[in-house]
Student: 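Can you keep this structure in mind? I'll have questions shortly.
Just so you know, these numbers come straight off a predicted model, no measurement behind them.
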Amino acid sequence: MSGTMAMGLGDVTGSITEGKRADMILVRTRDLNMWPVGNIETAIVQGGSASDVDAVLADGRILKRNGRLLAYDVPDILRRAHRSATRIRNMAGETLAF
């Protein structure tokens with residue numbers, strides 16, 4: 001049974017069929033952490049990481065291509081995360097001092 005069927009999404013996604021959502025990932029399997037590939041599922045689960053994901057399509061939209069996120073403003077996300085971390089450290093004061 002596929003993951004989409006187990007989750008009750010078999011009518012929406014899980015196969016390349018007209019009318020279904022176009023959700024897929026493309027994974028590079030030639031990197032050292034993935035090689036040699038005997039069983040692709042095992043290689044991805046045991047050796048894969050986010051950096052091995054070359055492309056992501058969700059509902060037909062390309063979110064990641066050539067390993068780079070396209071659908072998100074990564075510099076803005078990093079700026080906001082840095083601001084948030086700084087605010088938390090400032091609020092914690094000496095509590096976070098090592």
Student: Using only atom types and a distance under 3.5 Å, with no angle test, would you say the side chain of N39 pairs donor to acceptor with the backbone of E41?
Tutor: yes
Student: Ignoring hydrogens and geometry, is there a side-chain-to-backbone donor-acceptor pair from R68 to D54 under 3.5 Å?
Tutor: no
Student: Nearest 0.5 Å please: distance from the CZ atom of R87 over to the CZ atom of R80.
Tutor: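 CZ of R80 is found 12.5 Å from CZ of R87.
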Student: Could you tell me whether R61 and D59 make a salt bridge, using a distance below 4.0 angstrom between a side-chain N and a carboxylate O?
Tutor: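 Answer for the salt bridge query: no.
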Student: How close do L63 and A58 get, counting heavy atoms only, and between which atoms?
Tutor: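 Between these two residues, the closest heavy atoms are CD1-CB, 3.6 Å.
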Student: Determine whether I62 and L70 make a side-chain contact, defined as any pair of heavy atoms from C-beta on separated by less than 4.5 Å.
Tutor: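 Side chain of I62 against side chain of L70, heavy atoms only: contact under 4.5 Å found.
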Student: Can any side-chain N or O of K64 pair as donor or acceptor with the backbone N or O of L57 at less than 3.5 Å?
Tutor: no
Student: CZ/R83 to CD1/I88 distance, rounded to the nearest 0.5 angstrom?
Tutor: 13.0 Å
Student: Do T17 and K20 pass the side chain to side chain contact (heavy atoms under 4.5 Å, CB included) test, and can you show the C-alpha distance, the side-chain angles, and the key distance before you say yes or no?
Tutor: CA-CA 6 Å; T17 306; K20 288 190 177 183; 3.9 Å; yes
Student: In Å and rounded to the nearest 0.5 Å, what is the CZ to CG distance from R65 to L26?
Tutor: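 Reported to 0.5 Å precision, the distance equals 10.5 Å.
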Student: For atom CG of D31, decide whether the heavy atoms of other residues, nucleotides or ligands shown that lie under 6.0 angstrom number more than 12.
Tutor: yes
Student: Are the side chain of D76 and the backbone N or O of D73 linked by a donor-acceptor pair below 3.5 Å?
Tutor: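 Not confirmed, D76 side chain does not pair with D73 backbone.
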Student: Out of curiosity, S49 OG to I44 CD1, how far, rounded to the nearest 0.5 Å?
Tutor: 11.0 Å
Student: Taking the side chain from T86 and the backbone from H82, do they hold a donor-acceptor pair closer than 3.5 Å?
Tutor: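 Yes.
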Student: Minimum heavy-atom separation for I77 and Y72, please, with both atom names.
Tutor: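 Heavy atoms only, the tightest pair is CD1-CB, 3.9 Å.
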